[in-house]
2 protein chains.
Amino acid sequence: MYKPATIKDIALALHLSPSTVSRALRDGYEISEETKKLVVAYAEKVNYKSNPIALSLKNKRSYSIGIVVPKLANSFFSQAIAGIESIAYERGYHTIITQTHDSTERERANVHHLAQRSVDGLLISVSAETSDFNFLKTLHDDGLPIVFFDRIIDEIDTFKVTSDNFKGAYNAVESLIKAGKHKIALLSNSPHLSITNERLSGYMKALVDNHIPFRSELIRNCNKGGNDYQEVEDAVKDLLHMPEKPDAIFISSDRISISCVRALKSLNFNPKEIAIAGFANSDVVDLLYPSLSYVKQKSFEMGQIAVEMLLKLIESKYPITEFETRILDTEFHLSPL
Amino acid sequence: MYKPATIKDIALALHLSPSTVSRALRDGYEISEETKKLVVAYAEKVNYKSNPIALSLKNKRSYSIGIVVPKLANSFFSQAIAGIESIAYERGYHTIITQTHDSTERERANVHHLAQRSVDGLLISVSAETSDFNFLKTLHDDGLPIVFFDRIIDEIDTFKVTSDNFKGAYNAVESLIKAGKHKIALLSNSPHLSITNERLSGYMKALVDNHIPFRSELIRNCNKGGNDYQEVEDAVKDLLHMPEKPDAIFISSDRISISCVRALKSLNFNPKEIAIAGFANSDVVDLLYPSLSYVKQKSFEMGQIAVEMLLKLIESKYPITEFETRILDTEFHLSPL
DNA sequence: ATGAAAGCGCTAACAG
DNA sequence: CTGTTAGCGCTTTCAT
């Protein structure tokens, strides 16, 4: 069985005490150069590695951070996680990733599981279903560092990072209008989410600025957030059966954009009859047919920023009281058609 | 600051010894019903949760498993990870996910990092670049349980699970032949990988069975495995500039399939001139244009099976010497065109 | 400059 | 049935 060398082993071999070895290894100022060299050399030789579990127990720090996202298979989140990873790894932290599948119950269970695993902090993009965040607030009040990304909430005062959802939506809708579309439907995610509302505002503002009356009957909420394809197809079908059929659809959610493309394809609509524009982070969104204009978020970067904020929180010697909410630009890509 | 209740706290409050409390909590047979009730009730009241780190130190078990995959953003792997998670979570393990980006160096670093973090076992799909697996063999010999999935290797004797790559490739190539294609090129991943070779065999066998001569000049290896788009585009361009241009391409790798679609699109080829069939697990592969026939692996299931094998290895009281390699069926989907 | 001892939270002999 | 003790690997007073 694998049996790594411990400080005790080194101490024994070198006829020193464990404390001396410990200090030597950590370059303590009180240890003679000679002893240090001796210890370091021997440690190298037996391939000594400090035991992170023992360290955790001692320091009450686990050097791990918990990540809670709705769905791993969602490109936006897997990209963001790659970004988180890239930083966390080099700073000596590892990540424990959990998915909520947009269920409040799973979200709560995951968060508690992570807290109990004594993660040093939490990175979370909240579930679409959740409206009561007391379970998070309690943990946060108890001192667990938390950073929100993408789907942020107001209830808790801490670092947050998200996209400029308003502007992203505005640009997309404006492009549809410029292409001559005037009956623009909106397919949106659960109204619980911050991003949903910001994108809705962008949609409305673009209409207003272009003197197009807002028509609430053109709005469809998909509360399952694209996890349920049928819900989206029904909404699309419904829109296309209206007496005054929309000539474009703006989709304010990544997964729903994809589902909408699929629905239009299965209903045999082509992009010339019904234009679509939506938020989408899939790495193949430019290859889809029917094609669409899309708003891409800086997912990787967002992950990096979020974890940097969290590490600042975790590693700060003094409690932080000034929090920042970073808003990242989005990229807009016009459909080729 | 968050300060969870410990066994000692409970013992103190109830005027018992820590060991009694520990035993009561774990339903030890030697404890009176009365005491048990008392302890459990109080534990409930103060919301006692056992400290997993202390447990790990004591038991030399971390209840965590390490996952090493080439790329998280690759659909196949994110799906497999979702499968792993679904089982691991309910069995009380958490997962530490790392990516190699198909680099040997990162693979080695990640594996060591995980081993040092004292994961109880390792789930790995090897990097395309790696040919020397001694670093894994050493750990395995030292007793670290390892299960290989998808990209498996021969050098280490343990549980493995992968797809029927031979048959998957055979079916895909056969479908191209049935569609009247006779000059079928092969775009393949690094020849280091088990799956590459199995898929190559399937390709060749389908040709032979249909009396089509094998022409080595129709084969292109993309050693960067689709991580480098340009490499794939160059290969495709090259193929299409041959004097006797292929009429179809079979792609033996997920990422390369996508890159090939993108290359054909940017080169303005349509699926009628050049048919494509490839391995692909993207959840939007059916919406791509140019469209393709595709072989889909049971990624989620594979993840589940892999982690179950690993848990068997980890939790077995006696050393296991009989290992199994599971081969999962693939699904074939014909292109609509 | 080095060592002894205590303790992080938990469990498992070993006693009683 | 319950308590005492020791120890997992490490750091950290407090001696010396």
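Bear in mind that the values here come from a model prediction, so they are computed numbers and not experimental data. Basis for what follows: all heavy atoms, side chains included, without hydrogens, waters or symmetry-related copies. Residue numbering restarts at 1 for every chain, and letters A, B, ... go by the order of the sequence lines.
Using modelled atom types, one finds a donor on one side chain and an acceptor on the other under 3.5 Å when comparing E129(B) with T104(B). Checking T100(A) against S103(A) by side-chain atom types alone, no donor-acceptor pair falls below 3.5 Å. Side chain to side chain, T20(B) and S17(B) meet the donor-acceptor criterion of an N or O pair below 3.5 Å.
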Return a table of donor-acceptor pairs under 3.5 angstrom between the side chains of residues 64-71 of chain B and protein atoms on other chains or two or more places apart.
from: S64(B); atom 1: OG; to: S62(B); atom 2: OG; distance (Å): 2.8
from: K71(B); atom 1: NZ; to: H101(B); atom 2: ND1; distance (Å): 3.0

Pair up each side-chain donor or acceptor in residues 35-45 of chain B with any protein partner under 3.5 Å, not counting sequence neighbours, and list the distances.
from: T35(B); atom 1: OG1; to: S32(B); atom 2: OG; distance (Å): 2.7
from: K36(B); atom 1: NZ; to: D27(B); atom 2: OD1; distance (Å): 2.9
from: K36(B); atom 1: NZ; to: G28(B); atom 2: O; distance (Å): 3.2

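Along DNA chain D, the stretch of nucleotides lying under 4.0 Å from any heavy atom of chain B spans, 5' to 3', dC1(D) to dG9(D).
Taken from CG in N51(A) to CG in L57(A), the straight-line distance is 10.0 Å, to the nearest 0.5 Å. Rounding to the nearest 0.5 Å places CD1 of I314(A) at 9.5 Å from CG of L122(A).
Between I10(B) and the choices I7(B), L12(B), L14(B), the side-chain contact (heavy atoms from CB on, under 4.5 Å) rule is met once, by L14(B). No option in I87(B), V161(B), I84(B) other than I87(B) meets the side-chain contact (heavy atoms from CB on, under 4.5 Å) test with E308(B).
With sequence neighbours left out, H94(B) forms a ring-ring contact (aromatic ring centres under 6.0 Å, His included) with no residue at all.
An OP1 or OP2 oxygen of dC10(C) is reached within less than 4.0 angstrom by a side-chain nitrogen or oxygen of Y48(B).
Taking every heavy atom of residues 55-66 of chain A and every atom of DNA chain C, pairs under 4.0 Å involve L57(A), K58(A), K60(A), by number. For the segment residues 9-25 of chain B, the set of residues with a heavy atom within less than 4.0 Å of an atom of DNA chain C comprises S19(B), S22(B), R23(B), in numerical order.
Residue order along DNA chain D, read from the 5' end via each residue's closest nucleotide, puts E30(B) first among E30(B) and A54(B).
Rounded to an integer number of Å, the gap from N51(B) CG to dG7(C) C1' is 14 Å. Rounded to whole Å, the distance from CD1 on I7(B) to C1' on dG7(C) is 16 Å.
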